[in-house]
Amino acid sequence: MSTIIEPKVLKGFRDFLPDQEIKRRKILARLEGVFRSFGYVPIDTPVLEYTEVLLGKGGGETDKQVYAFTDHGNRPVAMRFDLTVPFARFMASHYSELPLPFKRYHFGKVYRGENTQRGRYREFMQCDFDCVGVDSPSADLEILLMIRGAFLAIDVPNITIRLSHRGIFNSFLQNRGLLDKSVEILRIVDKLAKIGPDQTAQLLGDLASSQQVREILAFIGATTSVTGGNLEVLARLEELAGGPTDGSGRLREILLALDTLGLSEDFVLDSSITRGLDYYTGIVYETFLNQLPGIGSVCSGGRYNDLASLYTKEQLPGVGSSIGLDRLMAALEELGTLGTEAAGSQVLIFSMDSSLGTTYHRVAQALRTEGIAAEVYLAPKKMSAQFTFAEKKHIPWGIFLGPKEEAAGTLQLKNLETRETWDDLQISQVIEILKR
RNA sequence: GUGGCUGUAGUUCAAUGGUAGAGCCCCAGAUUGUGGUUCUGGUUGUUGCGGGUUCGAGUCCCGUCAGUCACCCCA
């Protein structure tokens, strides 16, 4: 009597079946192509780090969502919950070995012990791209261009990148003596789109006077209440903030560049975008799918000029962005933009006679030499089973070779979808057709 | 972490507290050197798991696990 162990997986963790995994890899390959085209290079870091490296020295009672434990050597360790913090540590470790500005991309799984929801898991993949070592509008602009390029590459051109700058909002708060509450206020403001102005005002009421609440809402609402382009909105925000600042100057430069490049349509200055994470120090942005705004931001990031200062005295200002692949995949699934194409090979060589097994493999080899992915059906089962197999793997072509063809030295080729067949072909002719 | 909803065969779904069913899928065959149609036969469940109430629980109660939605936070 054997006891069966239930093949269960943890809450928020998942298996990926071939069809799904192939789609993921297709997306990843395209993203990688875009990043490489900008001169970004790949890196990797460990999943497990010292707890103090990931959470800082403060202890981190607040970060309950982080998987942390002691390892067999009694070391306090934690699993990475994003790729940005490990990257900061990475830069502090290796900046002297790297060309600056260092531009890298990093695809990896990250872990958060939060409650699950659709498109939201405990193990999920992020696709980060960051530029470290310079604090320039040019670098900020480049990241924005990459975001747009990335979504173009995966056939999702209808996006809106909403951006803002923390400095503007902070100087606005400073003028009103609210700077010390900036973190709380930013958190509330971040929710505006979700909960509406009335509730936002109510929440802000606990932190500021009613006059101040009105001013904050006017500031946040400037995007919608001011007619005109991003630059007009920026002017209005500067006015409310009490004059131009370094931050607003930086933002103006970026917005002008986007205008010049003819891209302003995809970018919207939105002062309600502030980002919850407090390590951002400059420009911040979130990316939404125009056809599916409800799913939330699928790519966000910003400038963080002090992140590496936890680990080094070297000045390492950075700007970057992160695509949430799983949320994005959930969105693409809903939009139906993920086709079902060949999951495996391009051709299946049917097994019609078990004595011809070697011949089948020889044909398959000949096709592979020509760059055509080919596989042999590996058992002498009846034809209908072999057809079913091909269909499940979305294999578009079949090759039939029985005693008759063997004697004549020919092959039969069949398009499994249209059922069109070609008789009495030589391998060279098969290759010719498949390469069309 | 808190709260709501859900959990029956591989899958989609049935079953007034009274013997767990159907379609699809799958398997074998009818007929195969060529599969989307037809016919015949067949397998599949500790009703997520564990307790409790009851003569009797898929059904009611409690716990637990998982999914989902909201809060929270975010990707």
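Here is how names work: the chains are called A, B, and so on, in the same order as the sequence lines, proteins then strands, and each is numbered from 1. Being a predicted model, the structure only gives us computed values, none of them experimental.
Nucleotides B:G29 and B:U6 have their P atoms positioned 45 Å apart, rounded to a whole Å. A gap of 37 Å separates the P atoms of B:U11 and B:C74, to the nearest Å. Separation of the P atoms belonging to B:G41 and B:G51 is 41 Å when rounded to the nearest angstrom. Nucleotides B:G48 and B:G7 have their P atoms positioned 8 Å apart, rounded to a whole Å. Rounded to whole Å, the P atom of B:U59 lies 14 Å from the corresponding atom of B:A9. Across the C1' atoms, B:G52 and B:A14 are found 28 Å apart, a figure rounded to whole Å. When the C1' atom is used for both B:A20 and B:C61, the distance is 22 Å, rounded to whole Å. B:G4 sits 16 Å from B:C72 when the C1' atoms are compared, rounded to a whole Å.
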For residues 422-436 of chain A, run the donor-acceptor check on the side chains, cut-off 3.5 Å, and write out each pair with its distance to 0.1 Å, sequence neighbours left out.
unit_1	atom_1	unit_2	atom_2	d
A:Asp423	OD1	A:Gln412	NE2	2.8
A:Gln429	OE1	A:Gln426	N	2.7
A:Lys435	NZ	A:Glu370	OE1	2.9

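Rounded to a whole Å, the CG atom of A:Asp130 is 12 Å from the P atom of B:A75. When rounded to the nearest whole Å, the span between CZ of A:Arg327 and P of B:U68 equals 13 Å. In this structure, A:Leu332 places its CG atom 14 Å from C1' of B:A75, rounding to the nearest Å. Between the C1' atom of B:C72 and the CZ atom of A:Arg112 lies a distance of 13 Å, rounded to the nearest Å. Atom CZ in A:Phe81 sits about 10 Å away from atom P in B:A75, given to the nearest Å. Here the P atom of nucleotide B:C26 and the CZ atom of A:Phe389 are 14 Å apart, to the nearest Å. The distance between atom NZ of A:Lys11 and atom P of B:C69, rounded to the nearest whole Å, is 12 Å. A:Tyr280 has its OH atom 10 Å from the P atom of B:C74, to the nearest Å.
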Next on the checklist: Only Watson-Crick and G-U wobble pairs with both distances less than 3.5 Å should count. Give RNA chain B in dot-bracket notation, marking inter-strand partners with |.
Outcome noted: (((((((..((((....[..)))).(((((.......))))).....(((((..]....))))))))))))....
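If you take CE on A:Met125 and CD1 on A:Ile323, they are separated by 12.5 Å, rounding to the nearest 0.5 Å.
Residue A:Arg118 has no polar side-chain atom (N or O) positioned under 4.0 Å from OP1 or OP2 of B:G67. Contact between the side-chain N/O atoms of A:Gln117 and the OP1/OP2 oxygens of B:A70 is found at a separation under 4.0 Å. Residue A:Ser300 places at least one side-chain N or O under 4.0 Å from the OP1 or OP2 atom of B:A75.
Remark: aromatic rings of A:Tyr40 and A:Phe35 are distant, center separation not under 6.0 Å. Ring centers of A:Phe107 and A:Tyr105: under 6.0 Å apart, within the cut-off. You'll find the ring centres of A:Phe267 and A:Tyr285 outside the 6.0 Å limit.
Note on A:Val298: only backbone sugar-phosphate atoms sit closer than 4.0 angstrom, heavy atoms only; bases stay farther off. Nucleic acid contact for A:Gly119: base, since at least one base atom lies under 4.0 Å from a heavy atom of the residue. Nucleic acid contact for A:Phe13: none, since no nucleic acid atom lies under 4.0 Å from a heavy atom of the residue.
With the nearest nucleotide of RNA chain B identified for both A:Ser322 and A:Gln412, A:Gln412 has the one nearer the 5' end. Comparing A:Leu325 and A:Met352 along RNA chain B, the residue whose closest nucleotide (by nearest heavy atom) sits nearer the 5' end is A:Met352.
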Name the pairs: protein N/O against N/O of nucleotides 1-6 of chain B, kept only if under 3.5 Å.
unit_1	atom_1	unit_2	atom_2	d
B:G1	N7	A:Asn115	ND2	3.4
B:U2	O4	A:Asn115	ND2	2.7

Between the protein and nucleotides 35-39 of chain B, which nitrogen or oxygen pairs come in under 3.5 angstrom?
unit_1	atom_1	unit_2	atom_2	d
B:G35	O6	A:Leu416	O	3.0
B:G35	O6	A:Arg419	NE	3.4
B:G35	N1	A:Leu416	O	2.9
B:G35	N2	A:Glu391	OE1	3.1
B:G36	N9	A:Arg419	NH2	2.9
B:G36	N7	A:Arg419	NE	3.2
B:G36	N7	A:Arg419	NH1	3.0
B:G36	N7	A:Arg419	NH2	2.9
B:G36	O6	A:Arg419	NE	3.2

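A search for ring pair (Phe, Tyr, Trp, His ring centres under 6.0 Å) contacts involving A:Phe151 returns nothing, not counting sequence neighbours. Annotation: ring pair (Phe, Tyr, Trp, His ring centres under 6.0 Å) contacts of A:His94 (sequence neighbours excluded): A:Phe90.
A cation-pi geometry, defined here as NZ or CZ lying under 6.0 Å from the six-membered ring centre and within 45° of its normal, does not hold between A:Arg327 and A:Phe124.
Between A:Met146 and A:Ser321, every side-chain heavy-atom pair lies at or beyond the 4.5 Å cut-off. Looking at heavy atoms from C-beta onward, A:Met79 lies in side-chain contact with A:Val47 at the 4.5 angstrom threshold. When side chains are defined from C-beta on, A:Asp270 does not count as touching A:Leu163, because their heavy atoms never get closer than 4.5 Å.
Under the stacking criterion of a centre-to-centre distance below 5.5 angstrom and an interplanar angle below 30°, A:Phe124 sits stacked against the six-membered ring of B:A75.
Listed for the A:Ser300 side chain is no donor-acceptor partner under 3.5 Å among the backbone atoms of A:Glu286. For the pair A:Arg80 (side chain) and A:Val110 (backbone), a donor-acceptor distance under 3.5 Å is absent.
Under the ring pair (Phe, Tyr, Trp, His ring centres under 6.0 Å) test applied with A:Phe350, the options A:Phe387, A:Tyr377, A:Phe389 reduce to a single match, A:Phe387.
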